[in-house]
Structures are given as structure tokens and as C-alpha cells.
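Everything below concerns the one structure shown next.
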Amino acid sequence: VLFHEYAHYFMYYHRPAAYPMWYSEGFAELFGQVRLEENGFSIGEPPTYRDAELRMVDVSTAKMFDSKAQFQTFPIYGHGWLAVSYLTFKPERKGQLAKYLNALQKGVDGKKAAEDAFGDLGKLERELNAYRRERAMGMRASYLNQTEPRVATRKLTAGEAAAMHIVARNDVQLSPPDTRSRARGLLAESRRIASAHPEARKAQIAALQVELDAGEFDAAEKRGAAIIAADPKDVEAHLLRAMVAMERAKSDTKWLGTARAHYLAANRVDPDEPRAMAGYYKTYRLAGENPPESAIVALERAYTAAPFDDDIRRMLAHLLLLEGRDAQARSAIAPIAFWPHSTPDTRRLRDLLAKLDAGERQPLIDELAPTLKPKRRDI
């Protein structure tokens, strides 16, 4: 399970794209079976826990390559592994998978992209069904660097340990109304821990985050100022104070200047912090101002540093659309729109991308525009 999920993380961090569901899950299944060895690793073993679907259900390339069917239920895990394994390791199929995936990124229909890359889909279907009864293919790789990593650990301080369960409970991904009520339930405990451990920065930051999420902006601002007074280079405290100002800007846009100042302060300490760069850009859009070149460059750098961040990706796609770079905007937003686990939000984005492809640009621009009161997003 860990290797499977880490494969997803690796894929969407290093190569985010509009992957079809069968490929996304098949790739993760392939690396979910990685075998670590003394001097390298091997991949290719079949996922035996998928035996039932591999043995009993025939592969259907019609479903696999149908752009709409990918969001429906069929054996995407077992058949995904089968197709990824075969198309990756079969010498005669070398290069076809990359051609297919590249076509999808350009907006080519799934079936046409498959036919152009793989040729006769009926023939491929027969080959995949035959492969179910054959020996699995794979590969072995040797580690290039045999040097043992140097690892240092330390025990958490009492304050850090006390704050950990607050951090874990407050980081649960819920919709905004639930976030507020959850944080309010943690207020008293987080403040007690912060008071008992004034020397523990982590306890102070945890309490600050809870106060922000609970809507206790005066208390959050005061705590943030105290943390920064103790350490003016505390990046997290500057970012949280910027977020407090962004929340206050919902009722008074003058706070956008305060937010911008804290984003800049965080950036001076850590020039590669993506939240600071993206937040700096966002303050201009929310103020109704044209971002200066420095802010545009900051957003582009934020995207390079954190391509997995959906909010940064949306802002970049919006900027690209405003600049008339529609093809690049499409590539930027496609990984969200075609996220394998379909939601109302992803379906809406797919509909808007279809309109963009038909020449109707404004609906997608409006959808992606940064706003002080963000639209509901479905997880």
C-alpha cells in the first residue's frame, strides 16, 4: 500500500499530467510490487491480490481508452497493471505509451490517441488478454550511489510532543465550515499546551494555526507577532500572519497590503518557499491590480517548486489564459480536470476545457480567477 501511494505522489509531483485512471492506478500497482534488494531493486511482479479480476474479467480496450468510461467502474487496478506492464516492457511496443500520453495532454480524444499510438486496438486487446496467462515481464535496476546516507534523529521535546496530536487533528482535510468548528473544539487545548510550553516553537505555531482556523484573528495576530519578535526569520509565522490578513481582507481589502508584506518577509528568509511566492502574486489579483513582473515571475517559480499544489496550478492557468497562452493553460489545469477520482469540481473543469477547445475562453477564465471568497471545491 505504501509503495502504491508513494508512486502516486512521485508521479504527480515530478510529472503531473492528465493521466487516464487506468494508467494512474496501473503505474502505482507496478511500483507497488517493487522488490528492494541489496544493490538495487526490481519491478514487474504481478499484484496477486488482483488475481480475480485478472483471471476472470477480459480486458476491454473500448472501455480503457474511452475518455468518459475512465471515470466509470471497471477493473482499473488489475487491468491497469496489465496494460502498463505490457506496454512498458514489451520491446515491440517501445515508445507507444509515451506517444499516447503526450497526445492526451494536447487534448486528443482518448480513443484516437490510443489508435494513433497503439495501432489496431483489437489486436492490442487480444495481446493483453493473452498476457494474462503468460509470465509477467519486468526489470531490475542497480543503485548508482552505494554510499550509505547519514541520518540523524533526536527525541521530540516535551512541548513538541504535546503539540503533535493538535497538529494531526487540525490538519484533517475537511470542507471550510467543518474546519472552523473542528478548530474551535481544539482552541482551549492548543492554548493550554502553548502556555505550558512557551519555549516550544512548534506548540506556539500549532496554537496560532488553530486560532487562525477558528476565526480568532486578533489572538492569532498577537501570537504570530510574539513568535516573530522572538525570531524574525520564522517563515511559518510570517506565512500564518499573511493568512490572517487574507482572511481579514474578505471584509476590508486594505489588509491585502499587510498580507503582501508578510509574504515578502517570508520570501526574504526562504526565496524558494512556494506559498510565499504564490501569495505575493495573489494579493495583486485580489486587489484588482495588474501584478508587476516580479509577482508573475514569483508565481511561475512557485509552480516550478510545487506543481502538486492545486491552488498554484489554478492561478498559473488563469494567468496563462489572460496572456492568450491557451495551450499552456490547458496543460496546466488538465491534471486537476482529469484527476482519476472524478468529483463535481473535476467534471466542471472538464466541461470548461471542452468550451475552451471550442473557442469559448471566458467561462474558464472566470472559474479560475482568484477570489477572496473562493468557490466551494469538492474533494
Side-chain angles (χ1 to χ4, degrees), residues 11-21 23-24 65-68 70-71 98-117 274 277-340 342-372 374-378:
M11 171 189 283
Y12 284 98
Y13 182 94
H14 292 285
R15 289 290 186 272
Y19 297 114
M21 194 169 188
Y23 177 79
S24 177
F65 300 127
D66 184 326
S67 296
K68 295 181 179 179
Q70 70 158 310
F71 300 107
K99 182 179 179 181
Y100 164 71
L101 293 172
N102 285 332
L104 291 182
Q105 310 321 304
K106 297 174 182 177
V108 178
D109 175 73
K111 183 180 179 183
K112 185 179 187 325
E115 289 173 337
D116 290 345
M277 293 186 284
Y280 171 64
Y281 169 88
K282 189 176 183 179
T283 60
Y284 286 98
R285 288 293 180 203
L286 295 180
E289 304 171 20
N290 288 324
E293 185 65 22
S294 62
I296 293 173
V297 171
L299 178 61
E300 292 170 345
R301 287 188 59 209
Y303 174 75
T304 300
F308 51 84
D309 188 299
D310 283 359
D311 288 328
I312 293 176
R313 184 174 285 277
R314 284 170 178 262
M315 279 193 286
L316 180 67
H318 177 258
L319 172 63
L320 292 169
L321 286 169
L322 294 180
E323 293 178 343
R325 298 155 67 184
D326 292 8
Q328 290 167 284
R330 193 186 199 289
S331 295
I333 203 64
I336 302 175
F338 293 93
W339 179 249
S342 187
T343 68
D345 185 46
T346 61
R347 289 194 290 273
R348 183 168 59 253
L349 284 175
R350 290 198 297 275
D351 290 341
L352 293 175
L353 278 176
K355 290 183 178 180
L356 177 69
D357 293 339
E360 192 177 350
R361 307 172 68 252
Q362 196 59 45
L364 185 57
I365 293 174
D366 293 341
E367 173 69 21
L368 298 178
T371 173
L372 278 168
K375 308 174 184 68
R376 178 177 176 82
R377 299 265 288 281
D378 306 287

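What's counted below: heavy atoms across the whole structure, side chains too, no hydrogens, waters or symmetry copies.
Residues Pro370 and His318 share a closest heavy-atom pair of CD-ND1, 3.8 Å. Closest heavy-atom contact between Leu104 and Ala113: CD2-CB, 4.0 Å. Annotation for Ala302 and Pro274: closest pair CB-O, 3.6 Å, computed over non-hydrogen atoms. Minimum interatomic distance between Ala295 and Tyr281 (heavy atoms only, all atoms of both residues): O-CD1, 3.5 Å. Of all heavy-atom pairs between Ala329 and Ala317, the closest is CB-O, 3.6 Å. Minimum heavy-atom separation, Ile296 to Pro291: CD1-O, 4.0 Å.
Salt bridge status for Asp345 with Arg348: present, with a side-chain N to carboxylate O gap under 4.0 Å. The residues Asp116 and Lys112 are annotated as salt-bridged, a charged nitrogen and a carboxylate oxygen being separated by less than 4.0 angstrom.
Looking at heavy atoms from C-beta onward, Arg285 lies in side-chain contact with Leu319 at the 4.5 angstrom threshold. With a 4.5 Å cut-off on side-chain heavy atoms, Thr346 and Phe338 do not count as touching. You'll find the side chain of Arg314 reaches within 4.5 Å of the side chain of Glu367, heavy atoms only. Looking only at side-chain heavy atoms (C-beta outward), Leu349 and Leu368 come within less than 4.5 Å of each other. Within the 4.5 Å cutoff, the side chain of Leu356 has heavy atoms near those of the Leu353 side chain. Counting only heavy atoms from C-beta outward, the side chains of Pro20 and Leu101 approach each other to under 4.5 Å.
With rounding to the nearest 0.5 angstrom, the CD atom of Glu360 is 11.5 Å from the CG atom of Asp357. Rounded to the nearest 0.5 Å, atoms CZ (Arg313) and OG (Ser331) are 9.5 Å apart. Distance check, rounded to the nearest 0.5 Å: CE of Met315 to CG of Leu299 gives 5.5 Å. How far CG of Leu372 is from OG1 of Thr283: 10.5 Å, rounded to the nearest 0.5 Å. Atom CD1 of residue Ile336 and atom CD1 of residue Ile333 lie 4.0 Å apart, to the nearest 0.5 angstrom. Atom-to-atom distance recorded for Gln362:CD and Lys355:NZ is 12.0 Å, nearest 0.5 angstrom.
Between Tyr13 and Phe308, the ring planes are parallel. Angles under 30° get that label, and only those over 60° would be called perpendicular.
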Q. Going through the checks in order, is the side-chain contact (heavy atoms from CB on, under 4.5 Å) test met by Arg330 and Leu364?
A. CA-CA 10 Å; Arg330 193 186 199 289; Leu364 185 57; over 6 Å; no
Q) Glu300 and Leu316: side-chain contact (heavy atoms from CB on, under 4.5 Å), yes or no, with the steps? A) CA-CA 7 Å; Glu300 292 170 345; Leu316 180 67; 4.2 Å; yes
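In this structure, Tyr23 has its ring center at least 6.0 angstrom away from the ring center of Tyr100.
Heavy-atom neighbours of Arg15 CZ from other residues, nucleotides or ligands within 6.0 Å: at or below the threshold of 12.
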